[in-house]
Amino acid sequence: MSEGVSVPKLLGSVLACEAAGVVGAISTSRGVNDWYPRIEKPSFTPPGWVFGPVWTTLYAMMGVAYSLVSQRGDDGGDLHRASRVLFWTQLALNVLWSYLFFGRRRPGWALLEIAFLWSAIVATTAAFSKLSRTAALLMVPYLLWTSFAAVLNLSIWRLNK
């Protein structure tokens with residue numbers, strides 16, 4: 001660990017992100033088990049077992065990114081505040097998407113919401129890039145996966161109108 005990085009704060013950030021994933025998973029469990037298997041999906045839909053490991057990894061990477069930014073020159077400045085607000089906003093939107101898509105079984109609403117989520121991830125990554133290049137790079141796989149999820153969401157919505 002580099003000097004100045006608090007391991008407890010790093011672990012706390014990662015656990016907070018993983019907890020968001022657990023909340024999202026709880027809100028999706030019914031839909032994943034009895035609705036999602038029955039709807040039409042495009043041919044490029046990954047097998048179900050892929051999602052858990054991918055999301056667990058992405059949440060961990062988000063947590064590390066947040067920790068790097070939150071521990072870097074914490075002067076309470078506007079950029080630090082904005083980056084934190086953006087981060088927690090995108091994380092809340094992430095959980096909301098899971099609830100809308102799986103919990104409420106509303107791919108159309110989830111598609112609209114994922115546009116806001118994607119924008120929030122871009123804004124968070126941009127803010128992080130001004131504070132820590134590493135933190136911004138750690139957000140890129142999440143942005144790419146969310147982009148893929150948006151295409152998948154659109155395809156599922158169109159197939160099941």
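Below, each value reflects all heavy atoms present in this structure, side chains not excepted, and no hydrogens, waters or symmetry copies. The chain is numbered in sequence order, starting from 1.
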Stepwise side-chain contact (heavy atoms from CB on, under 4.5 Å) test for M61 and V64:
CA-CA 5 Å; M61 292 172 73; V64 173; 5.8 Å; no

For V22, the hydrophobic cluster (side chain heavy atoms closer than 4.5 Å, chained through members) also holds I26

Count I, L, V, M, F, W, Y as connected when their side-chain heavy atoms are under 4.5 Å apart, and connections chain through other members. Are L15 and V23 then in the same cluster?
no

What pairs meet the side chain to side chain donor-acceptor pair (under 3.5 Å) rule with one or both residues in residues 60-69, with sequence neighbours excluded?
Y66-W88, S67-Q71

When clusters are formed from ILVMFWY side-chain contacts under 4.5 Å, directly or step by step, what else is grouped with L86?
none

How long is the span from the NE2 atom in H80 to the CG atom in D78, to the nearest 0.5 Å?
11.0 Å

Atom pair CG/CG of L111 and L154 - distance to nearest 0.5 Å
5.5 Å

Tell me whether the count of non-hydrogen atoms from other residues, nucleotides or ligands lying under 6.0 Å of CZ in F116 goes above 12.
no

Partners of A150 by side chain to side chain contact (heavy atoms under 4.5 Å, CB included), sequence neighbours excluded?
I114

CZ-CG distance between R84 and L79, expressed to the nearest 0.5 angstrom:
10.0 Å

According to side chain to side chain donor-acceptor pair (under 3.5 Å), who are the partners of S83, at least two apart in sequence or on a separate chain?
none

Does some side-chain heavy atom of D34 sit less than 4.5 Å from a side-chain heavy atom of R105?
yes

Considering only Ile, Leu, Val, Met, Phe, Trp and Tyr, and joining two whenever side-chain heavy atoms are under 4.5 Å apart, list the other residues clustered with V140.
L144

Answer with yes or no after comparing the ring centroid distance for W35 and F101 against a 6.0 Å cut-off, counting only values under it.
yes

Can F87 and S70 be said to form a side-chain contact (heavy atoms from CB on, under 4.5 Å), step by step?
CA-CA 10 Å; F87 181 84; S70 68; over 6 Å; no

With side-chain contact (heavy atoms from CB on, under 4.5 Å) as the criterion, how do Y36 and T28 come out once you've worked through the C-alpha distance, each side chain's angles and the decisive distance to 0.1 Å?
CA-CA 10 Å; Y36 187 73; T28 68; over 6 Å; no

Using every non-hydrogen atom in the two residues, find where S27 and G24 come nearest and quote the distance to one decimal.
OG-O, 2.9 Å

Is there any side chain to side chain donor-acceptor pair (under 3.5 Å) pair reaching into residues 134-150, and which pairs are they, with sequence neighbours excluded?
Q90-Y142, N94-Y142, W118-S147

Hydrophobic side-chain clustering at under 4.5 Å (ILVMFWY, transitive links): who's grouped with L159? Put none if nobody.
none

Could you pull out all residues at least two apart from T89 that satisfy side chain to side chain contact (heavy atoms under 4.5 Å, CB included)?
V85, L93

Identify all side-chain donor-acceptor contacts of residues 47-58 below 3.5 Å with residues at least two apart in sequence or on another chain.
from: T56; atom 1: OG1; to: G52; atom 2: O; distance (Å): 2.8
from: T57; atom 1: OG1; to: P53; atom 2: O; distance (Å): 2.9

M139, V95: one ILVMFWY side-chain cluster at the under-4.5 Å cut-off?
no

Under the side-chain contact (heavy atoms from CB on, under 4.5 Å) rule, what do W157 and W109 come out as? Steps first, then yes or no, please.
CA-CA 9 Å; W157 176 68; W109 283 104; over 6 Å; no

Between P46 and L152 the two heavy atoms that sit nearest each other are CD-CD2, 4.2 Å

Across all chains, not counting sequence neighbours, the side chain to side chain contact (heavy atoms under 4.5 Å, CB included) partners of A136 are T125, F128, S129

Taking side chain as C-beta onward, heavy atoms only, is L138 less than 4.5 Å from S132?
no

Counting only heavy atoms not in K41 (residues, nucleotides, ligands), do more than 12 fall under 6.0 Å from its NZ?
yes

Among residues at least two apart in sequence or on other chains, which ones pass side chain to side chain contact (heavy atoms under 4.5 Å, CB included) with R133?
L137

